[in-house]
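Quick notes on the structure that follows.
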Amino acid sequence: MEGRPVIACVGAGRMGRGIAHAFAYAGHEVRLVDAKPRAPEAFASMADAARAEIRGSLAMVAGLGGFDAAAIEAIMGRIEIVPLDAAEPALKDARIVFEAVPETDEAKRAGLQLIDRLADAGAIVASTTSTYLSTQLAAWSGRPARFLNAHWLNPAFIVPLIEVSPTEDTDPGVVAELNALFEAIGKVPVVCKASPGYIVPRIQALAMNEAARLVEEGVASAEDVDKAVRYGFGFRFAVLGLLEFIDWGGGDILYHASRYMTQAMGDARFAAPAIVQANMAEGRNGLRDGRGFYDYRDADVAAYRQERMAAFLGMLKRSGLHRPPAEVPQERA
């Protein structure tokens with residue numbers, strides 16, 4: 001563990017346990033601090049449950065071929081679960097301290113105050129909230145320059161993405177250091193401004209609600225909606241990002257499809273945003289124009305298309321749906 005910073009997390013619930021799994025797996029010493037005051041017996045019970053959950057998630061990944069199960073004991077040995085009254089020694093030398101307490105004002109204020117009081121002045125503090133804005137929480141933190149949000153997606157030990165949301169007061173060096181740490185443990189950080197829903201929750205809320213409406217309106221069964229998502233929507237967007245896909249097909253195509261849907265459904269929720277119309281007006285429709293949301297003017301577009309198609313084919317093979325060409329029986333003479 002030499003050279004790897006110590007990680008602490010205030011809050012020993014599902015998110016804290018997932019974070020402990022991810023960092024301990026990557027070789028870091030992790031202190032998981034219980035954010036609730038408990039009697040010794042109650043703490044022991046909680047700690048046993050936390051260890052069992054982390055061990056279980058490790059065993060599951062190992063059982064699926066993710067790594068050699070012989071490493072589980074060493075990984076678990078890097079995780080220390082401590083009661084609230086032992087938080088000071090657990091936090092004092094941690095380089096990164098995550099706040100993973102319940103999503104209430106009272107819990108957030110208390111958790112951040114605890115960290116500010118006990119953690120080293122140079123420590124980076126990252127909330128893991130999925131609902132609060134980093135700007136609101138920074139106002140409750142005593143170290144706004146070293147504070148930001150890092151929204152992990154569950155299950156935290158599997159999903160690579162982490163949405164990093166700094167504020168205008170966050171030191172850019174803090175963002176760079178935290179992102180480098182995430183990348184070092186195999187995560188993929190993206191940076192976004194403090195905005196309701198961040199990136200993924202904002203997009204997925206719209207998609208999930210629309211899927212539910214399809215069932216509600218009797219358009220398709222739940223099974224067929226989910227099949228369409230897995231083998232159409234999800235299949236494409238696992239290779240192409242949403243904005244990349246707009247460029248791939250053409251922003252003007254999206255504009256006209258959106259106009260049709262708005263008229264057909266009588267609902268403005270399907271209207272294209274102004275940026276799509278502006279791109280179209282400026283001749284920035286995507287690949288065929290050389291520019292869209294991305295700039296392709298200096299890119300080898302043919303090689304780019306080839307790489308993406310190879311990724312699609314790889315997914316098709318992994319899904320078990322790839323088929324060899326059909327053999328046509330030869331006609332008899």
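Distance alone, capped at 3.5 Å, is enough to place a donor-acceptor pair between the K108 side chain and the V101 backbone.
Checked against S134 for a side-chain hydrogen bond (donor to acceptor under 3.5 Å, both in side chains), the options S195, S127, S165, S141 give a single hit: S165.
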Sequence neighbours excluded and cut-off under 3.5 Å, please list the side-chain donor-acceptor pairs for residues 79-88, or say none.
none

Which side-chain N or O atoms in residues 40-48 pair as donor and acceptor under 3.5 Å with protein atoms at least two apart or in another chain?
unit_1	atom_1	unit_2	atom_2	d
D48	OD1	R51	NH1	3.4

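The aromatic ring centres of Y304 and W248 sit less than 6.0 Å apart.
Legend: salt bridge (charged side-chain N to carboxylate O under 4.0 Å, His left out) pairs involving residues 288-305, not counting sequence neighbours, sorted by first then second residue: D252-R288, D295-R297.
The cluster map of Ile, Leu, Val, Met, Phe, Trp and Tyr, joined by side-chain heavy atoms under 4.5 Å apart, puts V190 and L133 in different clusters.
Not counting sequence neighbours, R284 has no partner by the side-chain hydrogen bond (donor to acceptor under 3.5 Å, both in side chains) test. Here R259 pairs with Y255, H256, Q263 under the side-chain contact (heavy atoms from CB on, under 4.5 Å) rule; sequence neighbours left out. Considering only residues two or more places apart in sequence or on other chains, R14 meets the side-chain hydrogen bond (donor to acceptor under 3.5 Å, both in side chains) condition with none of them.
Below 30°, between 30° and 60°, or above 60°: for F23 and F182 the angle between ring planes is between 30° and 60°, a tilted geometry.
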Next on the checklist: side-chain contact (heavy atoms from CB on, under 4.5 Å) for R78 and I7? Distances and angles first, verdict last.
Outcome noted: CA-CA 10 Å; R78 300 179 192 127; I7 307 299; over 6 Å; no
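Expressed to the nearest 0.5 Å, how far CE of M76 lies from NE2 of H21 amounts to 10.0 Å.
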